[in-house]
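Here is the structure we will look at, set down as structure tokens.
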Amino acid sequence: MTMASDPHRPPPVDLVHHAHLTGVYAPQREEVDVSDLRVTGNIPDDLHGSYLRNGPNPRFDPIGSFTYPLDGDGMVHRIVLADGRASYTNRFVRTPMVELEEARGETIWSGLMDGYTPPASVVGDALAGTVRQLPDINIVRHGGRLLAMAESDKPYRLDPQSLATLGAEDCDGAMLVGSTAHPKIDPRTGEMVLFNYALEAPYLTWSVVGADGTRLRAPTPVDGLDAPLMIHDMAMTERYLVLFANPLVFDLAAVMRGGALLSWQPERGTRIAFIPRDGDAVRWVDTDPFWVWHFANAFDNPDGTVTIDYVEHAYPVGFATAPNTPNAPTLMRASCDPATGVIKRDQISDRTGLEFPRIDDRMLTREHRHIATVGKAGADHDDLESLWFHDSRTGRDSCFNPGVAIGEPIYIPSDRHDYWGAIGTDPSDMRSRFYLLDADNPENGPLATIDLPIRVPAGLHGAWLPGLD
Ligand SMILES: [Fe+2]
């Protein structure tokens, strides 16, 4: 049997009308290595490192379904800054699915949500019945490994110099059952703490990888969930791994009836798990139903309470509908007492429509001052994004609006000064640029704007890796 003769092969996705396959999201199929990029302004010569970013980027035009932000093959983009100069490299993350599709010259696997898996007659016994692996969400360096992260699956390890794919990685067994795309690295201990959700009980596990890359804790069940939930990100303090169990439920019974895989069940409320990192019993705190994609940070207070900063959505747009409920994602601070179950949630910025909250990662688990997010510049700039900078000490928000579609801001510390960096694409000419901002005054505009040699599709998460140049 050939692919074309598989009677169950889904039809192509309607590319032209898919918001996340067109415009600034359109996939990039070129792979290039270009040095000495054109720079407007100056790259400070104290910067030596690599800015890496991952994102959904289907190798071939998708079939069946395409659900942003989960579907799509990974493409990693790297901008190296060294000696006042910049270079750029990008590579696909080559899973077995991408490799076989490249050999055949077309799409074989479909999207996550339509349930098609290619038969052995098309892909061979080893890959029959598999779903596409999706290491397209984040990029993390830890314990000597550079990892393209998937959600609820194993990451793929990359060669840090060439960005070539080395293979699936389980981090000495800590990710044996999979991992969130958003593990957290404790800057104090160097440990990487992670969780994984699964469709089968116990539904949720957590693990720890030591600074040297060895497993410190094998996947350990988190007791207390009665259904499989989708959980995208985690927060971490010195004492706790914090998981928000928002009520987005994997409903396998509904799938059997022909319904959707994910079901929004607000009557469940949100349950917050405080998992003591010393292995003590999990404490759950109940609060209202809402949705979280991303956390900025969390920290312990001397009185035993925990502060958690995050972006709160009314519901998960794209995975659920809530008629007459504006979504308005908002930067929030939750103050929780895991011992008594008391929780208070306060809006900490007047802005709404925010996402991708980031801090200086050296402050993870401890009290931070600044949070950067991506948001709308104003009501009449619906298609344009800006970077917003929230000062937790003064409550002040400041904005850098380059007038382009801009992505997640990443904090870039160096010996002499600190910076923020982000990639943006101008929808009017589809040119992509890297913006380097002064961390003290990001609203003043870029110290350097670097022209990227090819368009970088609007994507997801990244990291600044000092020294990797
Ligand atoms: Fe994410």
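Order of listing sets the numbers, starting from 1, for every ligand and every atom in it. What's counted below: heavy atoms across the whole structure, side chains too, no hydrogens, waters or symmetry copies.
Checking Trp291 against Thr270 by side-chain atom types alone, no donor-acceptor pair falls below 3.5 Å. Side chains of His294 and Asp233: a donor-acceptor N/O pair is absent below 3.5 angstrom, by distance only. A donor-acceptor contact closer than 3.5 angstrom is absent between the side chains of Asn90 and His77.
Shown are the protein N/O/S atoms under 2.8 Å from the Fe ion (ligand 1), given by residue and atom: His182 NE2, His232 NE2, His294 NE2, His461 NE2.
Nearest heavy-atom pair across Val285 and Pro338 is CG2-CA, 4.2 Å.
For the pair Arg59 and Phe92, the distance from NZ or CZ to the six-membered ring centre is under 6.0 Å and the angle to the ring normal is within 45 degrees.
When the options Asp159, Val76, Ile139 are evaluated for a side chain to side chain contact (heavy atoms under 4.5 Å, CB included) with Leu146, the one that passes is Ile139.
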